[in-house]
Amino acid sequence: MSVAASSVGLLGCRACGLLNRVPTTPGARACTRCGSVLHARKPDSLRRTWVLLIAAYLLYLPANLMPILEIGSVGGEESDTIMSGVIKLWVAGWRPLALVILIASVVIPLVKLTALAYLLQTVRDGSSARRRDRARLYRLIGMVGKWSMVDIYVGALLVGLVQFPPVATTAPGPGAVAFGAVVVLTMFASQTFDPRLLWDDGVSGSAHRG
């Protein structure tokens, strides 16, 4: 049977990892090694994570529906969304690259957002089911998060490889800004979520505990 460190009077420092005895003096909750403030749980973790996650959800559609790349030339202007770019690459025969961009730009961000929402809801409900699996899911979110920016790098590479007319200009569209915001917001949401809440018996009194 696992025992929480806080239940035996210990607090882990998130800065240096040292286990500290819970101070008996009120207000003296600092790590004895690095001086960082000690918290049994990240302060206001659920509320902060929900705010960041909702903002990421709101930007997810513009990120995928608005132009991510705009090309201007003498013949006019052309723009591509993530999906139209994937389709063009697929038709042109660059199918592995099209799949990479589809998975990294559309599938992974949506899966990450959905997984975080699931973890938040289970903590809010005080669920004790499959805690180990949910902890693994949280670690997996952190592992796959780094792939969310793959298509930005690929897009920059394609701009350098594709032959545009001599007077053509390329610029990131509003979709690229929205997509970058989704990636950053989701990353922050993952960081503000406290996975230790998964092991609490209820969210009451623990979600906002410092």
Quick check: is [Y] connected to [X] through a chain of hydrophobic side chains (ILVMFWY, heavy atoms under 4.5 Å apart)?
X    : Y    : answer
W94  : L99  : no
M83  : I101 : yes
L197 : Y118 : yes
L110 : L119 : yes
I141 : L113 : yes

Side-chain heavy-atom pair [X], [Y] within 4.5 angstrom cut-off:
X    : Y    : value
L116 : Y57  : no
P195 : R139 : no
F193 : V123 : yes
L185 : L53  : no
T186 : V182 : yes
S190 : Y138 : yes
T81  : S84  : yes

Is there a donor-acceptor pair under 3.5 Å between the side chain of [X] and the backbone N or O of [Y]?
X    : Y    : value
S45  : D194 : yes
S105 : L102 : no
R134 : A129 : yes
T192 : A189 : yes
Y60  : V106 : yes

Out of curiosity, L140 CG to K112 NZ, how far, rounded to the nearest 0.5 Å?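 L140 atom CG to K112 atom NZ measures 10.0 Å (nearest 0.5 Å).
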
Taking atom CZ of R130 and atom OG1 of T122, what is their separation to the nearest 0.5 Å?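 If we round to the nearest 0.5 Å, R130:CZ and T122:OG1 are 11.5 Å apart.
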
Here's a test for you: under side-chain contact (heavy atoms from CB on, under 4.5 Å), which of N64, L59, V184, I82 qualifies with F179?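 Result for side-chain contact (heavy atoms from CB on, under 4.5 Å) with F179: I82.
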
How far apart are the closest heavy atoms of I68 and G175, and which atoms are they?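 In terms of heavy atoms, the two residues are closest at CG1-C, 4.1 Å.
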
Could you report the tightest heavy-atom contact between P109 and A104, atom names first, then the distance?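 It is CD-O, 3.3 Å.
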
